[in-house]
Every structure is written in structure tokens, then in C-alpha cells.
Amino acid sequence: MKRKLADIAAMAGGQLGNPGDADVLIEGVTTDSRRISPGCLFIPLAGERFDGHDFAKDCLQAGAGAVLWSKSRGEAPGPCVLVDDTLEALQRLAKHYLAASHARVVGITGSNGKTTTKDLLFSLLATTFKVHKTQGNYNNHIGLPLTVLSMPEDTEIAVLEMGMSGRHEIELLSKLAEPEAAIVTNIGEAHLLQLGSRLEIARAKLEILSGLREGGLFVYNGDEPLITQVLEEPATAKPANLKLSTFGIAPDNADYPVGIMHLEDKTVFTSHALGDTPLELPLPGEHNVVNALAALTVARYFGVAAPALAEGLKRVELTGMRIETVRGVSGITILNDAYNASPASVKAAIGVLEKKRGYRQKVAVLGDMLELGEDEVEYHREVGRFLDPGKTDLLFTYGKLGAAIAEGAAERLDNERIFSYQDKNELIDALISRLHPQDVLLVKASRGMKLEEVVDAVKSSSLHR
Ligand SMILES: CC(=O)N[C@H]1[C@@H](OP(=O)(O)OP(=O)(O)OC[C@H]2O[C@@H](n3ccc(=O)[nH]c3=O)[C@H](O)[C@@H]2O)O[C@H](CO)[C@@H](O)[C@@H]1O[C@H](C)C(=O)N[C@@H](C)C(=O)N[C@H](CCC(=O)N[C@@H](CCC[C@@H](N)C(=O)O)C(=O)O)C(=O)O
Ligand SMILES: Nc1ncnc2c1ncn2[C@@H]1O[C@H](COP(=O)(O)OP(=O)(O)OP(=O)(O)O)[C@@H](O)[C@H]1O
Ligand SMILES: C[C@@H](N)C(=O)N[C@H](C)C(=O)O
């Protein structure tokens with residue numbers, strides 16, 4: 001974004017601290033003093049550990065062109081726009097920047113698959129359009145506005161991931177972005193702690209309709225009855241002339257896989273809507289075929305031609321740690337699925353592991369799934385029971401809730417194949433002592449467990465004793 005400070009004041013709903021700064025040219029926005037670029041606008045936010053206002057003077061000395069400044073903080077340290085609340089001003093600035101652009105907007109939410117579907121849709125649309133997408137997981141009330149403000153002025157389509165862990169968070173993001181197409185990937189169990197039930201999770205996700213434009217397209221997982229239920233609730237805000245399209249495994253969806261072939265380094269499937277052309281997806285798992293169907297539906301809506309759809313799927317570049325295949329120095333195959341975890345995604349990952357063929361051992365390292373609420377222990381036991389003793393050879397668990405995975409697994413797996421740890425280094429040592437270069441290893445737990453540390457240790461181990 002490149003604007004004069006006076007225009008930024010108007011877009012952000014603030015006032016120039018000094019009218020003489022009206023023509024200060026601003027290029028780019030940051031909320032982090034550790035990432036200042038020449039002429040940028042620094043937006044100080046108050047967080048759990050720091051207040052960005054304390055860094056504003058340093059930012060200006062480091063080359064920032066101006067700062068947003070809360071009126072309650074007294075005199076600003078240099079060129080500024082005075083606002084009541086810097087976070088609200090960031091969101092307002094992003095809303096106005098997006099509205100003034102010619103970019104068409106897609107919003108993506110759901111319990112699992114937001115980032116994957118965002119990356120898939122980006123790859124499909126980029127065959128035909130100039131597309132901007134959420135980087136990494138920047139999907140909340142701060143990340144989405146920053147994503148919008150980093151969007152090039154000539155963007156044709158913006159693909160925005162919308163995350164939540166409470167009610168009305170998606171509503172805020174959708175009303176900011178005003179998408180013309182919206183995807184809900186699925187309704188899982190993530191953030192049950194805050195929402196209390198899967199029905200409430202569904203209601204939170206369908207808040208994406210509250211900002212959807214009139215005549216907009218809603219693409220959703222038709223296999224999930226809660227979505228249909230909430231869609232029909234009178235309290236669910238939705239635009240006039242809403243277009244609907246479903247995707248999923250069941251053949252009563254508008255699009256579903258007619259056939260799926262799971263290969264070592266890709267998944268080949270045919271989509272009902274696209275006819276007989278086999279489509280190659282360089283990702284594993286039935287769940288990623290479902291994500292691809294959602295992305296294909298929206299890409300077709302924007303007019304991407306069939307040959308480009310097939311090419312776009314092949315080219316997808318998935319954000320890391322989402323069932324990412326990694327090779328260790330020993331030759332071991334690691335399925336790095338350590339970014340996050342909830343029951344639905346862990347079961348999907350186990351499904352990928354158990355379809356693997358030609359390995360000496362198939363080993364799973366599973367850790368705590370956080371924010372699941374009062375039934376968290378039973379959810380972990382249920383995941384343990386999901387492991388097929390004929391298809392997973394060893395189970396290592398990490399964390400207090402991970403121990404409940406082990407309890408559930410023990411109902412089907414022999415005890416000598418199950419190992420539970422509370423200390424990550426002890427887990428790593430024991431795991432490495434049992435692994436062989438010809439093994440395949442799945443690593444998965446919630447973000448807070450940081451199991452990428454296990455991936456890194458195994459990846460760099462020669463595994464020779
Ligand atoms: C507010 C912020 O951006 N904090 C980031 C900062 O955290 P840090 O611990 O350093 O300090 P504070 O938060 O207290 O900092 C306050 C501000 O001060 C700035 N600052 C600090 C130090 C300094 O020397 N100079 C400074 O200028 C600082 O930049 C703050 O603006 O840094 C951390 C490390 O880089 C960041 O992780 C932290 O970011 C927070 C978590 C954040 O929300 N960042 C967004 C841009 C974002 O989108 N992050 C995503 C993860 C989003 C997510 O969790 N999504 C959920 C669903 C949504 C849940 C919702 N309820 C929610 O609240 O998030 C999901 O399930 O996907 C990402 O990091 O990938
Ligand atoms: N449709 C799906 N059903 C179940 N699990 C899925 C699905 N799509 C992706 N996953 C798994 O869920 C985890 C997170 O994937 P991804 O990051 O794409 O989702 P997300 O919704 O962005 O997650 P988060 O909310 O944690 O950021 C990964 O383990 C991935 O393999
Ligand atoms: C990324 C964050 N919103 C999240 O999903 N947290 C999980 C539950 C965690 O903390 O591991």
C-alpha cells in the first residue's frame with residue numbers, strides 16, 4: 001500500500017497529529033518494530049507482553065514514515081495519525097484499502113484445512129489471475145488486516161484465510177473483507193473449549209456469510225449436517241440471492257471424487273464436476289482431495305479453464321508442517337504434521353500413515369490436542385482407539401493428554417508397542433533408538449506442543465547405533 005498520510009488518516013478514521021505532515025508518503029505497514037522498512041507506517045498494538053507504543057520513537061528513527069498513535073497516550077514522537085484505538089484503526093485502514101481496490105475476495109474458514117485450501121485455491125487461480133493470499137497462518141483480527149495491507153495494488157483476486165476461536169471473530173473478518181465467495185472446509189472439534197459444542201463451532205464458522213456480498217457464492221462441505229442445519233437457522237445472517245455449492249465424499253454433493261488412487265508421492269482422483277480427466281494432487285490423504293474439491297469449485301466460479309485447473313493442482317505449494325513429507329539424513333521418511341492437531345485432523349493423518357506401503361515400520365508420535373474442553377480426555381482415548389494394530393507398528397505419545405491416546409490405543413495395540421512420555425528429550429532418545437532408515441514416521445500434536453522439535457531431531461539423526 002502506498003498513500004499520503006492525509007489519505008491514511010481518512011481511511012483509518014483518525015486525524016493528522018500535524019497538518020504539515022499531510023503529504024508524507026507512506027509505503028507499507030507493520031505492527032512490529034523489528035520489521036521496519038523505509039517510509040512504512042508503524043501501527044503500535046498492545047499485546048500480552050509488550051505495548052507497541054513504547055517502540056514508536058525507535059521506529060521513526062529507524063526510518064518509519066509515520067505512526068498511528070492512540071489519543072490516550074499523549075504526544076506522539078513524530079509524524080502521526082491520532083486514533084482512538086490502533087487495532088480498530090488497522091482494521092478500518094485495511095477495509096478501506098480493500099474496498100478501494102479492484103480485487104475480488106474469497107474468504108476461507110473451517111476447523112481444519114483452511115491453510116491447505118487457501119494454498120490450493122491460490123495455485124488454481126494464479127494460473128489465470130494476479131492473486132494475493134494469506135501468508136502462513138495470518139488469519140485473525142490482526143493477521144487478516146495485515147494480509148490485506150500487504151496486497152499489491154493491481155491484485156485481481158485476494159484469497160483470505162479467516163481463523164477463530166470464539167464467536168463473532170469470523171463475523172468481524174468477513175465484514176471487513178466483504179468476500180464474493182466463501183468456503184467452509186469442515187466442522188471439527190478445534191476450539192471446543194471456547195465454543196462448547198460443534199453446533200456452536202458451526203455457527204461461528206457460518207458467520208462468514210454475514211459479510212458475504214449479495215449474490216455471493218457459499219461453498220461448503222455437504223457431508224457435514226451441522227453446516228446445513230445452521231444455514232437454515234433464521235438467526236444465521238446471509239446475503240440475498242445466495243448461491244450454494246457443496247463438496248465432499250458423498251455423491252449427493254455438487255462435487256465429489258468419483259475415484260481416488262493413493263500413491264507414494266501424490267493422490268490421483270477424478271472429480272464428478274470435472275468429468276473423466278484424472279487430476280494429480282501432490283498431497284496425501286482423502287482429506288486433501290476434499291480440500292481440492294472446495295478449491296476447484298471456487299476456481300471454476302472465477303472461470304479458470306479445465307486444463308489450467310489440472311495444472312494448478314499439480315503446482316500447489318503447501319505451507320509447511322501440514323502432512324509435509326520430509327526425508328531425514330538417514331533416509332527415514334517423516335510425515336511432518338506438527339503445525340496443529342484436533343481429533344479430525346489426527347484421524348486424517350493416521351489414515352495417511354496407514355495407507356503407506358513398503359516401509360519397515362510405521363511409527364506414530366502423537367501429542368496433546370489442546371483447547372478441546374471438558375471431553376478432552378475421551379477425545380484423546382478415541383484417537384488412540386482409531387489406530388489399527390495391523391497398520392501402525394509403534395505409537396509414541398507426548399504430554400499428559402497424549403497419555404490418554406496411549407490408553408485408548410492399548411485397547412487394540414500390544415502394550416510393548418506403546419510408549420508414553422512427558423519429557424520431550426526422553427521421547428526423542430527412545431524414538432531414535434527404535435527407528436530405522438526404512439521406517440515412516442508421523443509426527444502430530446497441537447501447535448502448543450512444538451513437535452517440530454521431534455521432527456528436527458529425527459531428521460538430523462543417522463539412526464545408526
Ligand atoms: C499482537 C501481535 O502481533 N503479537 C505478535 C508478537 O507477539 P509478542 O509476544 O512479541 O508480543 P505482544 O503480542 O505483546 O506484542 C504487542 C505488539 O508489540 C509489538 N512488538 C513487540 C516487541 C518488539 O520488540 N517490538 C514490537 O513492535 C508486537 O509486534 C505486537 O504488535 O510477536 C510474536 C512472534 O512473532 C507473534 O506470534 C505475535 O502474533 C500474535 C500471536 C498474532 O495474533 N499475530 C497475528 C499477526 C497472526 O495472525 N498470527 C498467526 C496466528 C493466528 C492464530 O492463532 N489463528 C488461530 C485462529 C484465530 C484465533 C483468534 N482468537 C486469535 O486470537 O488468534 C488459528 O487457530 O489459526 C500466526 O502467528 O501464524
Ligand atoms: N479437510 C480436512 N479434514 C481433516 N483434517 C484436515 C483437513 N485438511 C487439513 N487437515 C489437517 O489439519 C491440519 C491443519 O491443516 P491446515 O493448516 O490446512 O488447516 P487450518 O484450518 O488452517 O488449521 P489451523 O486452524 O490449525 O491453522 C493438518 O494436519 C492437515 O493435514
Ligand atoms: C494456532 C492457535 N489458534 C491454535 O489453534 N492453538 C492450538 C490449539 C494450540 O495452542 O496448540
Side-chain angles (χ1 to χ4, degrees), residues 30-36 42-56 58-59 62 64 67 86-87 90 108-120 134-147 150 160-170 172-173 183-191 194-195 204-205 221 223-224 247-249 283-295 318-324 335-353 369-371 442-448 451:
T30 183
T31 57
D32 194 335
S33 68
R34 300 161 288 199
R35 297 181 183 174
I36 295 298
F42 175 64
I43 300 180
L45 300 178
E48 289 179 12
R49 300 195 306 152
F50 303 97
D51 183 333
H53 287 82
D54 298 335
F55 305 99
D58 296 345
C59 291
V67 299
T86 53
L87 176 57
L90 164 65
I108 302 176
T109 193
S111 296
N112 312 101
K114 297 186 291 296
T115 299
T116 301
T117 305
K118 173 259 294 178
D119 290 338
L120 284 161
T134 298
Q135 295 302 306
N137 199 58
Y138 264 41
N139 65 15
N140 69 3
H141 56 301
I142 301 166
L144 183 140
L146 289 175
T147 297
S150 67
L160 302 180
E161 180 178 335
M162 299 181 180
M164 71 94 204
S165 60
R167 286 302 302 269
H168 310 300
E169 293 178 11
I170 296 293
L172 182 146
L173 301 177
I183 296 175
V184 173
T185 58
N186 78 337
I187 305 298
E189 309 84 3
H191 309 304
Q194 297 90 331
L195 279 301
K205 301 298 184 185
N221 188 323
D223 297 341
E224 175 51 70
F247 63 90
I249 295 297
L283 306 176
E286 181 179 271
H287 61 289
N288 278 321
V289 170
V290 174
N291 292 334
L293 293 175
L318 188 56
T319 305
M321 299 206 286
R322 277 79 172 175
I323 202 81
E324 179 184 5
L335 301 177
N336 178 1
D337 206 2
Y339 176 73
N340 213 345
S342 60
S345 65
V346 177
K347 290 173 183 174
I350 291 169
V352 172
L353 178 69
M369 299 178 287
L370 304 178
E371 299 182 18
L442 168 67
V443 181
K444 190 167 184 62
S446 267
R447 181 83 313 263
L451 280 198

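Keep in mind that this is a model prediction, so the values were computed, not measured. Order of appearance sets the numbers: ligands from 1, and atoms from 1 within every ligand.
Considering backbone and side-chain N/O of Glu48, one or more are found under 3.5 Å from N/O of ligand 1. Remark: ligand 2 and Asn137 share an N or O pair separated by less than 3.5 Å (distance only, no angle test). For Asn288, no nitrogen or oxygen atom sits less than 3.5 Å from a nitrogen or oxygen atom of ligand 2, counting backbone and side chain alike. Of the N or O atoms in Ile323, none lie within a sub-3.5 Å distance of an N or O in ligand 2. Considering backbone and side-chain N/O of Tyr339, none are found under 3.5 Å from N/O of ligand 1. Taking any N or O of Phe42, backbone or side chain, none lies under 3.5 Å from an N or O belonging to ligand 1. The N/O atoms of Lys114, backbone and side chain alike, include none that comes under 3.5 Å of an N/O atom in ligand 1. The distance criterion of under 3.5 Å between nitrogen or oxygen atoms is met by Ser33 with respect to ligand 1. Of the polar atoms of Tyr138, none of the N or O atoms is found under 3.5 Å from an N or O of ligand 1, judged by distance alone. Residue contacts with ligand 2: Lys444 is placed with a nitrogen or oxygen under 3.5 Å of a nitrogen or oxygen of the ligand (distance criterion only).
Within the 4.5 Å cutoff, the side chain of Ile323 has no heavy atoms near those of the Leu283 side chain.
A donor-acceptor contact closer than 3.5 angstrom links the side chains of Ser342 and Asn112. A donor-acceptor pair shorter than 3.5 Å cannot be found between the side chains of Asn139 and Thr134. Side-chain atoms of Glu189 and Ser111 include no donor-acceptor pair closer than 3.5 Å. No side-chain donor-acceptor contact under 3.5 Å links Asn221 and Asn186.
With atom 60 (C) of ligand 1 as the reference point, the heavy atom nearest to it among His191, Arg34, Glu169, Arg35 is part of Glu169. In this structure, of Ile170, Asn140, Leu90, the residue bringing a heavy atom nearest to atom 43 (O) of ligand 1 is Asn140. Proximity annotation for atom 18 (O) of ligand 1: of Asp58, Asn137, Ile36, Leu45, Leu45 comes nearest, heavy atoms only. Around atom 13 (C) of ligand 2, the closest heavy atom drawn from Ser345, Ser446, Ala344 belongs to Ser345.
Only the side chain of Asn291 comes within 4.0 Å of ligand 2, counting heavy atoms alone; its backbone N, CA, C and O stay farther away. Within the 4.0 Å heavy-atom criterion, the part of Ser111 lying near ligand 2 is the backbone and not the side chain. Contact annotation for Glu161 and ligand 2: only side-chain heavy atoms (C-beta onward) come within less than 4.0 Å of the ligand.
Scored by the ring-ring contact (aromatic ring centres under 6.0 Å, His included) test, His141 finds no partners at all (sequence neighbours excluded).
Test Asp337, Asn340, Asn336 against Lys444 for side-chain hydrogen bond (donor to acceptor under 3.5 Å, both in side chains) and you get one pass: Asp337.
Per-residue contacts place Asp32 under 4.0 angstrom from the following atoms of ligand 1 (heavy atoms of the residue considered): 25 (N), 26 (C), 27 (O), 29 (O).
Judged by the shortest distance from any of its heavy atoms, His141 lies inside the 4.0 Å radius around the atoms of ligand 1.
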